[in-house]
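Single-structure report; data block below.
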Amino acid sequence: MVKVIKRDNKILLCENNAAFEIDTDQWCVVREGEKYYFNDAKSVSCQFSFDGCLLHYSSVVDGLSFFVRLEIASNCVTFSLEPEEDTFVFDEMVWPGVVANNVGKLVLPMQQGVLLDSEENIAFRPSFGGVFGSSDAYVNALGFYSANGSFMWFVDDYYDSGYEVVRHKTSQICMRCLSSLAHIGYKRVMRLFLFDHVFDYNAMAHLTRKLWDEKGIVTLQEKVEKKPVLKQLIGSCVYHTGVHSKISKDSRFYHADGANEAIVPIVEVEKNVQHFHALGVGKIHLHLDGCGIAYDNQHPRFYPIDERTGGYPALRHLIDTLHTCGDIVTLHDNYHDLYLDSPDFDIAYQIYDRHLKPYYMSVWAGGKQSYMTGQMAPVFLERNQNYLRKVGVKSDGVYCDVFTCNPFDENFSQVYRMNRKDCAKYRNDTFDVLNKDGMIVSSEEMNVFAINHIDTCHYAPYPFMMKQDGKQIGLPIPFLNLVFHDCVVIPWMSDVVNGVNYGLYGLLNGGIPYLKRDGAYVNTDGSFSEDTVNDDRIKLVKEVCAFHESVAFSKMLKHTFVDGDPWVQECEYSNGKHVRVNFKRGEYEIH
């Protein structure tokens, strides 16, 4: 049983022979860079009980008072923060902050996962601010382990939470709470699990899965039983290509002296599929871009298709051919980006910040855009699907871009007011438009909030795979897969980058491989090499597909760096399968 001791402004948590310290002087409220410290409140009180303690902070700043409670149950300390007075507008709180650690390993949920040595002189906030529900955190758990003690945070209210790595003698995890529509809004809860021994990332993943099983998790086997078409995804390989791209002058990718529009006849895609089968490739999952107005153009409008591609007759014929071959197809779409030239654009649909200013950017092919409020996403997807049915196009699934990698949105609009938790719900409602029709649901990456609502994704890579130089802090670990491998199907890149065959990571992780990946944007989203289909590629693709067929419904039980060598890794699955990969030699063994 954990003991709680308060010494001045330090909280000491003792678990058998291990002691963990939290400095409450670090706790603060942040507004536009200015910090208001909890301990500077007009009144601070602390009451102890047999199962924890209650702290009361009165008037940290005018309009902001709250209770902080620590509740103990076995080796778990539940931290909660409940508002009493909540009129002060702020951005975030540094709370529960840092559990001080010495020398050991930090387990971070950045994309697939990162293992960071705390002795490395590193401090950073990930690209999206370290917020959960984005590519900065696929899983709502993270922690630290060493022989002298370990801890794991499980973030119950992850919708408005984030983390960063700070430096104080060692690299340490700092937990934060974001404001909800500029306020505390509701009771915040995080759980801290404490151990007096090594509790490594494998153990953390199993505990995280246990906690999610208690909430209710839908496995891949259960999804297949509800949606038979999903069987075709098992052991398939991915062919990602497009038929129409058009880059606006407002886009960052516009070529002032080059071509800015490309048409690939759909019949050419069909020929490529037949060619791949002639080479001995098995089931193909075709991820097709540009079947709407053009790739990344005029969303959320998805029609009509450009007739120069062959139009809807060619698309229908392609789908029939795929089905004859035992293949499946999903069509790229987007219900997050709201393009200003879209026939569906309406200022009411834009997302507004707390100053009631809409967000604008001009990066992707379609040019000037805003972000669309989440309430409209399922509405427009339903309408677009109805249109496709009328023209006789019935794909096997839809890829809803960015929903599982971009942070949850807030909207301060009085018409479509939305907090982050609502945003997550609307994204899942969008996925469920497809689920109710028995279609395959895909999004850009993989994230815990959507794990029961999507089947697959574009990728769920290690962070180094998104960098052209292939460099990454720490070591890559399959933390997501250790928690949810038996729930989803994850594709893996198969190209060779900086001498490393990324397809071997697909084998190690029991995923499906990319046969060919025509990236929509050069040197973006992990597309850093010419993706060539040759004999070596086909050989490895077939091996990865076969291995996925054997472990798709199995849990990943354990991942290890063999003899501590980061180049040699092994994964064990719940059905007894083992795979060992030597990335330096490009070799693998399956047992």
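Numbers here simply count residues along the sequence, with the first being 1. Every heavy atom of this structure was used, including side-chain atoms; hydrogens, water molecules and symmetry mates were not. What you see is a predicted model, and the numbers here were worked out from it, not measured in a lab.
For Y371, the ring-ring contact (aromatic ring centres under 6.0 Å, His included) partners at least two apart in sequence or on another chain are H336, Y359. The ring-ring contact (aromatic ring centres under 6.0 Å, His included) test applied to Y360 returns no partner, not counting sequence neighbours.
A donor-acceptor pair is defined here as one N or O able to donate and one able to accept, closer than 3.5 Å; no such pair exists between the side chain of D333 and the backbone of C400. At least one donor-acceptor pair closer than 3.5 Å links the side chain of E410 to the backbone N or O of L181. At least one donor-acceptor pair under 3.5 Å links the side chain of E222 to the backbone N or O of T219. The backbone N or O of K246 lies less than 3.5 Å from no partner atom in the side chain of N260, so there is not a single donor-acceptor pair. No donor-acceptor distance shorter than 3.5 angstrom exists from the side chain of D250 to the backbone of S362, with no hydrogens or angles considered. Side-chain atoms of K6 never come within 3.5 Å of backbone atoms of I11 as a donor-acceptor pair (strictly under, hydrogens ignored). With D86 contributing its side chain and I184 its backbone, the two residues share a donor-acceptor pair below 3.5 Å. A donor-acceptor pair under 3.5 Å links the side-chain atoms of T430 to the main chain of Y426, judged by distance alone.
For the pair D346 and A348, the tightest heavy-atom approach, listed with the atom from each and the gap, is OD1-N, 2.8 Å.
Ion pairing between a basic and an acidic side chain is recognised when a charged N comes within 4.0 Å of a carboxylate O; R389 and D437 show such pairing.
Side-chain contact between N411 and Y352 is present, with at least one heavy-atom pair separated by less than 4.5 Å.
Using bins of under 30°, 30° to 60° and over 60° for the plane-to-plane angle, the ring pair W27/Y57 lands in the perpendicular bin. Between H287 and H332, the ring planes lie parallel to each other; the angle is under 30°, not in the 30° to 60° tilted range.
Taking the centre and axis of the six-membered ring of F79, the NZ or CZ atom of R69 falls outside the cone set by 45° and 6.0 Å.
Here Y163 and F132 bring their ring centres to under 6.0 angstrom of each other.
With hydrogens and angles left out, the side-chain atoms of D160 and Y186 include a donor and acceptor closer than 3.5 Å.
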